[in-house]
Amino acid sequence: MIEPETIIDGRYRVVSRLGSGGMAEVYLARDELLGREVAVKVLHQHFAEDQEFVERFRREASSAAGLSHPNIVAIFDRGEWNGTYYIAMEYVDGRSLKALVREHGALEPSAALEIVIQILRAARFAHRRGVIHRDLKPHNVLLDDEGRARVTDFGIARAGASDMTMTGSIMGTAQYLSPEQAQGFAVSATSDIYSVGVILYELLTGVVPFEGETAVAIAFKQVSAVPTPPSTLNPALPASLDAVVLRALAKDPAERYADAEELIAALEAERASLAGQAQAQAPAPVLTRTHGAGEDPAVAAPAAAFPPTGSMLLHAPPLGPEEEAIASARRGRWAIWTLALLLVAGAIVAAVLLLGGKTKTVRVPSVLGQTEQAAGAKLRAAGLASEPSLRPNANVAAGLVVSQSPRAGAKIAKGSTVSVVISSGPKNEPLIDVEGLTVTQAKDRLSKAGFKPTTKSQASTTVAAGHVIGTDPSAGTVVVTGSPVTILVSSGPPPVKVPDLRGETLEQAETNLKGEELEVGTITKRVSTTAQPETVLAQSPAPGKKLHAGDKVNLVVARAPKEVPVPNVVGESEASAAAALGKAGFKPKTKPVETTEASQEGIVLSQSPEGSAEAPKGSVVTIGVGTLSTQTTTTTTTTTPSANGPTPPSSPSSG
């Protein structure tokens, strides 16, 4: 990370870090040569040695530098610094279109169409100059403080028919990738049309057409799946708008709109249709009036005729009885005030006529962005006076006009005074400390202090989940008021996988758990005749389960059985001996012992362990039980042949 006050390439003084992308870090910096704020994109150090990435980074500057358009973020400069590469571009004080959708969900249709038409105007301008964006998505569209859409990041744009590597052809967010890009095929202007179709779908419904667990799964859907019509998710949308969106999302590039111009025409027709429907459904105005000759209609119309800023993003709920009564009273008061204003205006007109039309009006010139001296001279030349005032501004260089009142183009009496606000430059102050607060509290304090807070989760063993670990930049850092601040929010201790402790000694198990930041819970002793004493027999949770640091694991540990005297069963019958041993808690095991004494058959002749010796309960006692041995004598008979045949053998006799 580049520290504040660092000067890049001897020209751009770093103010703060704005964010990070896949290829580069972006910083807010002050152009020391021209005295203006710029966004400087610095290529990640580990990419600077990769010629493919360097070439793509240079391509962004060369392809976008010539794109001067109100809906495109301008590129000012590029260079090499500190072993890497950078691009200096226009700083847009606003938020991304993606952030707007995340906050508001689906936009009001006319607002969505207006934003997408502006994106298409930027694409049309680029396409006519042979530049294809290749990565159009809400993340790359910024909304400035005037609500204007500004397309940025021509990082993987392709000029003309030059080829890119396979790596470049599949870059970008899969949710907005055209089917041909997902398959690694050549792209054209209609690839950008598809991406714009995805953006329009998301603005109208609040979701993208295709989701998946992996980028590959989403890319597969881009190639083969059929999108759900937007009106299925937002029934307020007309079928004609469905048709426009689905044509832009056609799998075959030849079936999409031929170019941005054709899609703009289709969307403008839809916008006009929506406006006509809204006008037909709107109630008749309470009071109307016409504007006089030379009077600006936008200025002459009452303020109530125009919706408040941002109203196009939300649908107004129906009024309740009490609200309707209040609104009715307001309309009555408005009618009275309007009548009074008309009477005053009539008096003014009469006075002008009586004076013979000697009051001369002039059109107010635009002095925005000019120095205080130049603005004053221009107003004096138009027959007007200027009344300057200073105000901090992070987006306009010190000494330049930020705003004027009346606005440029308005007609006012010659000799009138025009108020001009001059920028005193960005206001620098230490960043407030919000450590330990809840997310809501931290956001509220930073917003009230003039900053733009965003959040980022981070595991912590010391800060409770949902509370603030710190900020980036850190508290106390001198930063420009209005700059973004990342709030680091604790997600609690990091998850820990439970190790397998079975077969280990209790001491080994405790050591292993401590190494994983876990603790021993309850220890239960269980008699075991097979495992060594103090050896872990079982555990809970089971091995492989995930816990948080500080959690406990319960153990079952082997315990040696208690030793008791072994009954002496020598001389007893096998059944009697087995019963006596079993009653004493032992397991009898019979072993035959040969004997020639019939009286010893079935009698215990020996035992191990011996009687009166001590042994663990449950252990085996081997008893030797007498078994008679048999002795058999065989007499061999000689057979003598006879004339009548062989003589049968005689029966054997036992000796």
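Since this is a predicted model, take the numbers as computed values, not measurements.
By the 4.0 Å N-to-carboxylate-O rule, Asp31 lies close enough to Arg11 to be salt-bridged with it. No salt bridge links Glu211 with Lys221; every basic N to acidic carboxylate O contact stays at or beyond 4.0 Å. The pair Lys497-Glu516 does not meet the salt-bridge criterion, since no charged nitrogen lies less than 4.0 angstrom from a carboxylate oxygen. Taking the charged nitrogens against the carboxylate oxygens, Glu25 and Lys41 have no contact shorter than 4.0 Å, which rules out a salt bridge.
In the model, Gln441 has a side-chain atom that pairs as donor or acceptor with a side-chain atom of Thr438 under 3.5 Å. Asp242 and Ser231 form a side-chain donor-acceptor contact under 3.5 Å, judged by distance and modelled atom types alone. Side-chain N/O atoms of Glu3 and Thr6 include no donor and acceptor closer than 3.5 Å. Side-chain contact annotation: Gln458 with Ser490, donor-acceptor N/O pair under 3.5 Å absent. Side chain to side chain, Tyr194 and Glu180 fail the donor-acceptor criterion of an N or O pair below 3.5 Å.
In this structure, Asp433 contributes its side chain and Ala475 its backbone to no donor-acceptor pair below 3.5 Å. Of the possible donor and acceptor atoms, none in the side chain of Ser447 sits under 3.5 Å from a partner among the backbone N and O of Asp444. Looking at Asp192, its side chain does come within 3.5 Å of a backbone N or O of His133 through a donor-acceptor pair. Between the side chain of Gln175 and the main chain of Gly212, no donor-acceptor pair closer than 3.5 Å is present. A donor-acceptor pair under 3.5 Å is absent between the side-chain atoms of Asp77 and the main chain of Met89, judged by distance alone. Distance alone, capped at 3.5 Å, places no donor-acceptor pair between the Gln222 side chain and the Ile218 backbone. Using a distance-only test at 3.5 Å, with no hydrogens or angles considered, no donor-acceptor pair links the side chain of Thr471 to the main chain of Thr486. A donor-acceptor contact shorter than 3.5 Å is absent between the side chain of Thr84 and the backbone of Glu80. Judged by distance alone, with hydrogens and angles left aside, the side-chain atoms of Arg30 form no donor-acceptor pair with the main-chain N or O of Val38 at under 3.5 Å. The backbone N or O of Thr505 lies less than 3.5 Å from a partner atom in the side chain of Gln508, making a donor-acceptor pair.
Counting heavy atoms of neighbouring residues, nucleotides and ligands inside a 6.0 Å radius, atom CD of Glu103 exceeds 12 of them. Residue Phe220 qualifies as open at atom CZ: its count of foreign heavy atoms under 6.0 Å is 12 or below. The number of heavy-atom neighbours closer than 6.0 Å to CD of Glu90, taken from other residues, nucleotides and ligands shown, is above 12. Other residues, nucleotides and ligands place no more than 12 heavy atoms under 6.0 Å from the NZ atom of Lys514.
Residue Glu202 is tested with Lys137, Arg102, Lys98 for a salt bridge (charged side-chain N to carboxylate O under 4.0 Å, His left out); the sole match is Lys98.
Two residues are said to be in side-chain contact when any heavy atoms from C-beta on lie closer than 4.5 Å; Ile2 and Ile8 meet this criterion. Between Arg36 and Tyr91, every side-chain heavy-atom pair lies at or beyond the 4.5 Å cut-off. Under the 4.5 Å side-chain criterion, counting only non-hydrogen atoms from C-beta, Ser195 is not in contact with Leu177.
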Side-chain donor/acceptor pairs under 3.5 Å, residues 545-561, sequence neighbours excluded:
unit_1 : atom_1 : unit_2 : atom_2 : d
Asp551 : OD2    : His548 : N      : 2.9
Asn554 : OD1    : Thr522 : N      : 2.9
Asn554 : OD1    : Thr522 : OG1    : 3.1

Report all side-chain donor-acceptor pairs from residues 142-149 shorter than 3.5 Å, counting only partners two or more places apart or in another chain.
unit_1 : atom_1 : unit_2 : atom_2 : d
Asp144 : OD1    : Glu146 : N      : 3.0
Asp144 : OD1    : Gly147 : N      : 3.1
Asp144 : OD1    : Arg148 : N      : 2.8
Asp144 : OD2    : Arg148 : NE     : 3.1
Asp144 : OD2    : Arg148 : NH2    : 3.3

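Residues forming a ring-ring contact (aromatic ring centres under 6.0 Å, His included) with Tyr12 (at least two apart in sequence, or on another chain): Tyr86.
Here Leu97 contributes atom CG and Leu203 contributes atom CG; the two are 5.0 Å apart, rounded to the nearest 0.5 Å. In this structure, the separation between CD1 on Ile72 and OG1 on Thr152 is 10.0 Å, given to the nearest 0.5 Å.
Seen from the ring of Phe451, Arg445 does not count as a face-on cation partner, given the 6.0 Å and 45° thresholds.
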